[in-house]
Amino acid sequence: MHAPAGRSPESSRFKPDSGQAWVRLGLALVIASIGAAGMWTVMVVLSVVQAEFAATRGAVSLASTTMFMGFGLGAVITGRITDRFGIIAAMATSIALLGISLALAGLTVTLWQFIAVYFLIGLGTSATFAPLMAEVSHWFERYRGLAVAIVASGNYVAGTIWPPLVNWGVQTIGWRSTHIALGAFCAVSMALILLTLRARMGDEKIRDHSKAPPPQIDLRLSTNALTFLLSLASIACCVAMAMPQVHIVAYCGDLGYGVARGAEMLSLMTGFGIISRIGSGFLADRVGGIATLLIGSLAQAFALLFYLFFDLASLYLISAMFGLFQGGIVPSYAIIVREAMPASEAATRLGIVIFASVIGMSFGGWVSGVIFDATGSYAAAFANGLAWNALNIAIMLGLLLRARARLAMA
């Protein structure tokens, strides 16, 4: 029997949780790890750019704000492209934009240009996260939570690898040349990997969701209402998450430890975040996405408290602990979306939730800089993060109790 026209024999034999699914997952992880490089450069160059443009910390922090906004808006756009035309088209769009925008960042001559270009970098990075998580969720059933967590770890693999490399580049060739070189590397390497992934998937462009498993949980909420609640929860948790991630490098510089120490802590934080994400995947396959997210949110609040009491050695330990505790939070949203919403809307709905999360990261990164400018300290910024974290806990606890009530009625 011949394979249907337009599909390779390999793709026509594809089955969830198969060896082919794990090969696809490996390629997706590599491309996500490279594509997220642009998200971490601004954290490393924050102090250098502030000095060059003689700007305030809050003003330069707007670059991270616009980057996250572009990342969030792009998640909705590329999510829609993925649902309609497939992940290959979405990734190709992102790769082209990422390579161009990173090069442009190195050519900026004013601060407003630098801030604006980082919006484009966010757009270019977007397909490597939410749409890719949604796509991977279709390749697995039994190990869906683990698979989603693995591909989401690409963001943290990038956060582990790239900050020290970017810092080395800044010290060696300057922040401008570093951006240009990074853009060229990302564009070429990601394009080659995407061609390999396309060959593995065959020519299928539109995912057939007719045979996808139905939602596993019923919260007695409309899809729009659940999307709103998940979006509000993601804003709250990410305002709290942004403080250490966006400002740890500059924070260490202010304390006299040096930005190189801060880059090491950021790398340590994201490295332990990888462990957290993989662990959250295993946990989600057993207790579900809502319970996994609630556990992560409670642990994140615990870690934030420790940032108020530190010395250099303890900052390394706290950064590792923060990464270990919060890394599984954002991928849990993808698992909840697939557990409670139709497969045909997964990438778009998840894109909306991730957009909300980066609104939280954008606001959290910016407001922390503003609080620092106003108080001369990050202590109040950590307290602000804890308050937002409490809102996330309240929402997820409400959903968990609602889910349990539904199961009791069944």
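Small disclaimer: the values here were computed from a predicted structure and weren't measured.
- Leu29 is listed as a side-chain neighbour of Ser33, based on a closest heavy-atom distance under 4.5 Å.
- Residues satisfying the ring pair (Phe, Tyr, Trp, His ring centres under 6.0 Å) test with Phe302, not counting sequence neighbours, are Phe306.
- Thr178 is linked by a side chain to side chain donor-acceptor pair (under 3.5 Å) to nothing, counting only residues two or more places apart in sequence or in another chain.
- Listed by chain and number, the residues in a ring pair (Phe, Tyr, Trp, His ring centres under 6.0 Å) with Tyr118 are Phe114, His179 (sequence neighbours excluded).
- Other residues, nucleotides and ligands place more than 12 heavy atoms under 6.0 Å from the CZ atom of Phe119.
- Qualifying salt bridge (Lys or Arg N to Asp or Glu O under 4.0 Å) partners for Arg176, counting only residues two or more places apart in sequence or in other chains: Glu52.
- No hydrogens or angles considered: nothing links the side chains of Arg144 and Ser137 as a donor-acceptor pair under 3.5 Å.
- Gln300 approaches Cys237 most closely through the heavy-atom pair NE2-O, 3.3 Å.
- Within 6.0 Å of the CZ atom in Phe363, the count of heavy atoms belonging to other residues, nucleotides or ligands exceeds 12.
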| message | Please evaluate residues Trp162 and Val44 with respect to the criterion side chain to side chain contact (heavy atoms under 4.5 Å, CB included), reporting the C-alpha separation (whole Å), side-chain torsions for both, the decisive distance (0.1 Å), and the verdict. | response | CA-CA 9 Å; Trp162 291 112; Val44 178; over 6 Å; no
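- Of all non-hydrogen atoms in Cys186 and Ala37, the two that sit nearest each other are SG-CB, 4.2 Å.
- Nearest heavy-atom pair, Val49 versus Val60, reported as atom, atom and distance to 0.1 Å: CG1-CG1, 4.2 Å.
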Table please: side-chain donor-acceptor pairs of residues 147-154 below 3.5 Å, with sequence neighbours left out.
| unit_1 | atom_1 | unit_2 | atom_2 | d |
| --- | --- | --- | --- | --- |
| Ser153 | OG | Ala149 | O | 2.8 |

Extract all donor-acceptor atom pairs below 3.5 Å that involve side chains of residues 390-400 and protein atoms in other chains or at least two apart in sequence.
| unit_1 | atom_1 | unit_2 | atom_2 | d |
| --- | --- | --- | --- | --- |
| Asn392 | OD1 | Ser297 | OG | 2.6 |
| Asn392 | ND2 | Ala233 | O | 2.7 |
| Asn392 | ND2 | Tyr333 | OH | 3.1 |

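- With rounding to the nearest 0.5 Å, the separation of CD1 in Ile329 from OG1 in Thr292 is 11.0 Å.
- Of all the heavy atoms in Leu132 and Ala28, the pair that sits closest is CD2-O, 3.5 Å.
- Residue Leu350 holds its CG atom at 10.0 Å from CG of Asp83, rounded to the nearest 0.5 Å.
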Output side-chain donor-acceptor pairs under 3.5 Å for residues 68-76, partner residues at least two apart or in another chain, one line each.
none

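- The backbone N or O of Gly288 lies less than 3.5 Å from no partner atom in the side chain of Glu339, so there is not a single donor-acceptor pair.
- Side-chain contact between Asn384 and Trp388 is present, with heavy atoms from C-beta onward closer than 4.5 Å.
- Rounding to the nearest 0.5 angstrom, the gap separating the CG atom in Leu62 from the CG atom in Leu111 is 8.0 Å.
- Partners of Ser94 under the side chain to side chain donor-acceptor pair (under 3.5 Å) rule, at least two apart in sequence or in another chain, do not exist in this structure.
- Rounding to the nearest 0.5 Å places OG1 of Thr196 at 9.0 Å from CD1 of Ile31.
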| task | Verify side chain to side chain contact (heavy atoms under 4.5 Å, CB included) between Leu294 and Ile290, making sure each step is shown before the conclusion. | result | CA-CA 6 Å; Leu294 179 59; Ile290 296 175; 5.6 Å; no
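- Of the possible donor and acceptor atoms, none in the side chain of Ser101 sits under 3.5 Å from a partner among the backbone N and O of Val117.
- Side-chain contact check for Ile335 versus Asp285: every heavy-atom pair is 4.5 Å or farther apart.
- Note that CD1 of Ile352 is 10.0 Å distant from CZ of Arg80, once rounded to the nearest 0.5 Å.
- Here CD of Glu135 is found 11.5 Å from CG of Leu25. Values are rounded to the nearest 0.5 Å.
- Ile95 has its side chain out of reach of Leu98: every pair of non-hydrogen atoms, C-beta onward, lies at least 4.5 Å apart.
- For Pro131 against Thr82, the heavy-atom pair with the smallest separation is CB-OG1, 3.4 Å.
- The shortest non-hydrogen separation linking Cys238 to Val330 is SG-CG2, 4.3 Å.
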Expected list for residues 85-92: side-chain donor-acceptor pairs under 3.5 angstrom, two or more places apart:
none

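- Panel note: side chain Thr172, backbone Gly169; no donor-acceptor pair is recorded below 3.5 Å.
- Residues Thr227 and Met341 form a side-chain contact, since some pair of their non-hydrogen atoms from C-beta on lies under 4.5 Å apart.
- Sequence neighbours left out, the pairs with a member in residues 347-358 that pass salt bridge (charged side-chain N to carboxylate O under 4.0 Å, His left out) are Glu345-Arg349.
- With sequence neighbours excluded, the residues forming a ring pair (Phe, Tyr, Trp, His ring centres under 6.0 Å) with Trp22 are Phe140, listed by chain and number.
- Looking at residues two or more places apart in sequence or on another chain, you find no side chain to side chain donor-acceptor pair (under 3.5 Å) involving Asn155.
- Between the side chain of Arg286 and the backbone N or O of Phe282, at least one donor-acceptor pair lies under 3.5 Å.
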